[in-house]
Every structure is written in structure tokens, then in C-alpha cells.
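Encoded as C-alpha cells, the structure appears first; notes follow it.
Both ligands and their constituent atoms are indexed starting at 1 by order of listing.
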Amino acid sequence: MYAFDYQRASDAQGAVKTLAADADARFLAGGQSLLAAMKLRLAQPSTLVDVTRIPELKTVQVDGKAVKIGAAVCHADVAENAQIRNTLPALADLAGRIGDRQVRALGTLGGSLANDDPAADYPAAVLALNATVVTDRRRIAADDFFRGMYETALEPDELIVAVEFQAPERAAYEKFRNPASHFALTGVFVAKHAGDVRVAVTGAAPSVFRARALEDALKANFTPEAARAVTIPADDLNTDLHASAAYRAHLIPVLAARAVAKASG
Ligand SMILES: Cc1cc2nc3c(=O)[nH]c(=O)nc-3n(C[C@H](O)[C@H](O)[C@H](O)COP(=O)(O)OP(=O)(O)OC[C@H]3O[C@@H](n4cnc5c(N)ncnc54)[C@H](O)[C@@H]3O)c2cc1C
């Protein structure tokens with residue numbers, strides 16, 4: 001580590017102003033990715049602007065089927081929030097399976113989305129649930145948010161304030177996790193909306209993506225068998241020390257079928 005300044009922001013405007021004035025300043029949430037990157041000298045910010053005490057970013061609002069979660073809400077609070085568990089249980093379930101207790105106590109929804117790790121869990125939920133990422137200056141549809149490996153639609157000084165979800169008819173997430181980190185070696189979030197099905201896959205490719213073949217199959221027949229019958233090509237999937245592209249391609253319909261069974265049960 002090396003010297004840097006630390007500021008604790010009390011409102012979104014102040015946090016954004018600091019980043020706009022200094023190209024090397026960065027927002028800090030729980031530090032679960034950023035501090036590790038700094039220790040490895042992959043990131044060398046001049047100033048860290050802590051956004052975890054901004055009241056607007058810490059709020060959870062549930063109104064009917066609408067769920068709005070502040071960007072600085074940690075994974076443990078999403079997992080344990082009674083209103084989220086009632087309205088959007090698949091999201092609470094996903095949050096409760098991120099990392100370990102320490103990661104869930106510090107890692108945040110906004111930090112996870114801004115970081116956009118290819119194996120992160122939340123991006124699959126945001127994409128399959130067709131959520132909206134609300135920033136200090138605009139609203140970004142999930143389909144437009146994720147741009148590639150560690151790359152999003154955010155401007156360098158743009159702050160995620162909250163994420164808005166609409167509860168679908170049914171949803172579930174299944175992942176084959178890395179036993180050490182619990183990141184998704186492959187994860188599949190299935191959401192059945194009124195007249196539509198969205199399926200998002202994480203951990204298998206450079207960035208989260210929608211599996212259109214699975215969506216088509218499940219729109220016609222929302223059953224585990226229909227998901228299991230889909231073949232996913234391995235061409236654009238990742239091969240690394242954990243698994244081959246062919247293995248990940250095999251996992252996607254298997255996990256989708258499990259998610260459909262879970263959502264239907
Ligand atoms: C051991 C370990 C295991 C993990 N396992 C999993 C897992 O199983 N599944 C999973 O999904 N994740 C996992 N994670 C990731 C973790 O859950 C965090 O979500 C992720 O590291 C982001 O952390 P953070 O919220 O503390 O953000 P930080 O590390 O503080 O910030 C990350 C990035 O986001 C930016 N940022 C933060 N907040 C905002 C905001 N509101 N607006 C704009 N930009 C912002 C920062 O500037 C930085 O670039 C794991 C992490 C660790 C260390």
C-alpha cells in the first residue's frame with residue numbers, strides 16, 4: 001500500500017464533486033475489491049471517497065412489487081431483510097450465498113455492480129430481473145449497464161445510488177461455486193415475468209450475459225426438462241484453471257433446470 005487520502009462523504013453530490021475534481025480519486029464502499037486491488041498495486045487512487053455513510057445509499061424501500069435497494073447496502077442486509085425476503089426471495093437467497101460472513105458484512109450491491117467481476121452473483125440477478133441502476137445523474141437499464149469484463153456503462157465519476165427491481169412471478173438463482181471464494185464458477189438466474197422469461201448467466205464468460213436459447217425454451221415451456229434440453233455452445237465461454245469452456249457450457253442448462261425447479265417449488 002502507499003499513501004492516499006480518505007474522505008467520508010455525507011451526501012451523493014459531495015462524493016461526486018470530489019471525483020469530478022480529481023481523476024485519480026475513487027469511490028470506496030466496503031473495500032472488498034478495491035483494497036485488494038490497491039494492495040496488488042492494480043489501483044493507485046489519490047483519494048478514497050467513502051460512500052457507505054450516505055443515508056440515501058443505505059436505504060431499502062419495498063412498495064408492493066417494487067424493491068429499491070441503496071447501493072451501499074451490504075450483502076448480509078439484503079439476505080436478512082424481511083421485506084426483501086418476502087417480495088424478492090431469490091435476491092435475498094443470492095445475497096446470502098455471496099462469499100463468507102465477512103465479505104457479506106462489508107461488500108455492497110453498488111460495489112459489486114460497479115466492479116463487474118465476471119464471476120460476481122449480483123449482475124445475474126440485475127440482468128434477469130431487468131432491474132434499473134439509478135445513479136446520481138441517470139437511470140440505466142440492466143441490458144445497457146454491463147459492457148464487458150470489469151466494464152460498465154458508468155462514467156468515472158458516476159455514483160450508483162440505488163438499484164430498482166420489480167418482483168417477477170417467479171425467480172431463482174443457482175450457482176456452481178468456487179469452493180474457496182464462493183464466486184460463481186457458473187451461475188444462472190432465471191426470472192419468469194408476466195409474458196416473458198429472462199435468463200442471465202455469470203461466471204462463464206468475460207461478462208454476464210442473457211442466454212437467449214434458454215429464454216426461448218422456457219417461454220414455451222417453463223419446466224426443468226425444457227431447460228435441460230437446451231445446448232449451449234462453448235465457443236465464447238471461459239477456460240481457466242477452474243473449468244473448461246465445455247464444462248461451463250454443460251453447467252448452464254443444468255443450473256438453469258435447477259433454478260426453474262426451485263422457482264416452481
Ligand atoms: C474473499 C472474497 C470472496 C468473494 N466472494 C464473492 C462471491 O461469492 N460472489 C460475489 O458476487 N462476490 C464475491 N466477492 C466480491 C464482494 O462480494 C464485493 O461485492 C465486491 O468485492 C465489491 O466490494 P465492495 O462493495 O466492498 O466495493 P469496493 O471494493 O469498495 O469497490 C469496488 C469498485 O466499485 C466502485 N464503487 C463502489 N461503490 C460504488 C458506487 N456506489 N457507485 C459507483 N462505484 C462504486 C469502487 O470505486 C471500486 O472501483 C468476494 C470478495 C472477496 C474478497
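In this view, Asp100 satisfies the salt bridge (charged side-chain N to carboxylate O under 4.0 Å, His left out) rule with no residue, not counting sequence neighbours. Residues satisfying the salt bridge (charged side-chain N to carboxylate O under 4.0 Å, His left out) test with Arg8, not counting sequence neighbours, are none. The side-chain contact (heavy atoms from CB on, under 4.5 Å) search around Gln32 returns Val103, Leu106, not counting sequence neighbours.
The aromatic ring centroids of His75 and Tyr122 lie less than 6.0 Å from each other.
Using a 4.0 Å cut-off between a side-chain N of Lys or Arg and a carboxylate O of Asp or Glu, Arg97 and Asp93 qualify as a salt bridge. A salt bridge does not link Arg177 with Asp121: every distance from a Lys NZ or Arg NE/NH1/NH2 to an Asp or Glu carboxylate oxygen is 4.0 Å or more.
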What are the atom names and distances for all N or O pairs under 3.5 Å between ligand 1 and the protein?
{"unit_1": "ligand 1", "atom_1": "5 (N)", "unit_2": "Ser181", "atom_2": "O", "d": "3.0"}
{"unit_1": "ligand 1", "atom_1": "8 (O)", "unit_2": "Gly99", "atom_2": "N", "d": "2.9"}
{"unit_1": "ligand 1", "atom_1": "8 (O)", "unit_2": "His182", "atom_2": "O", "d": "2.7"}
{"unit_1": "ligand 1", "atom_1": "8 (O)", "unit_2": "Phe183", "atom_2": "N", "d": "3.0"}
{"unit_1": "ligand 1", "atom_1": "9 (N)", "unit_2": "Asp121", "atom_2": "OD2", "d": "2.7"}
{"unit_1": "ligand 1", "atom_1": "11 (O)", "unit_2": "Asp121", "atom_2": "N", "d": "2.8"}
{"unit_1": "ligand 1", "atom_1": "11 (O)", "unit_2": "Asp121", "atom_2": "OD2", "d": "3.3"}
{"unit_1": "ligand 1", "atom_1": "17 (O)", "unit_2": "His75", "atom_2": "NE2", "d": "2.8"}
{"unit_1": "ligand 1", "atom_1": "19 (O)", "unit_2": "His75", "atom_2": "NE2", "d": "3.1"}
{"unit_1": "ligand 1", "atom_1": "21 (O)", "unit_2": "Ser33", "atom_2": "N", "d": "3.3"}
{"unit_1": "ligand 1", "atom_1": "21 (O)", "unit_2": "Ser33", "atom_2": "OG", "d": "2.5"}
{"unit_1": "ligand 1", "atom_1": "25 (O)", "unit_2": "Thr108", "atom_2": "N", "d": "2.8"}
{"unit_1": "ligand 1", "atom_1": "25 (O)", "unit_2": "Thr108", "atom_2": "OG1", "d": "2.7"}
{"unit_1": "ligand 1", "atom_1": "26 (O)", "unit_2": "Gly30", "atom_2": "N", "d": "2.9"}
{"unit_1": "ligand 1", "atom_1": "26 (O)", "unit_2": "Gly31", "atom_2": "N", "d": "2.9"}
{"unit_1": "ligand 1", "atom_1": "26 (O)", "unit_2": "Gln32", "atom_2": "N", "d": "2.9"}
{"unit_1": "ligand 1", "atom_1": "29 (O)", "unit_2": "Gln32", "atom_2": "N", "d": "3.1"}
{"unit_1": "ligand 1", "atom_1": "29 (O)", "unit_2": "Ser33", "atom_2": "N", "d": "2.8"}
{"unit_1": "ligand 1", "atom_1": "29 (O)", "unit_2": "Leu34", "atom_2": "N", "d": "2.8"}
{"unit_1": "ligand 1", "atom_1": "30 (O)", "unit_2": "Ala29", "atom_2": "N", "d": "2.8"}
{"unit_1": "ligand 1", "atom_1": "30 (O)", "unit_2": "Gly30", "atom_2": "N", "d": "3.4"}
{"unit_1": "ligand 1", "atom_1": "30 (O)", "unit_2": "Gly31", "atom_2": "N", "d": "2.8"}
{"unit_1": "ligand 1", "atom_1": "41 (N)", "unit_2": "Ile160", "atom_2": "O", "d": "3.0"}
{"unit_1": "ligand 1", "atom_1": "42 (N)", "unit_2": "Ile160", "atom_2": "N", "d": "2.9"}
{"unit_1": "ligand 1", "atom_1": "47 (O)", "unit_2": "Phe27", "atom_2": "O", "d": "2.5"}
{"unit_1": "ligand 1", "atom_1": "49 (O)", "unit_2": "Arg26", "atom_2": "NH2", "d": "2.9"}

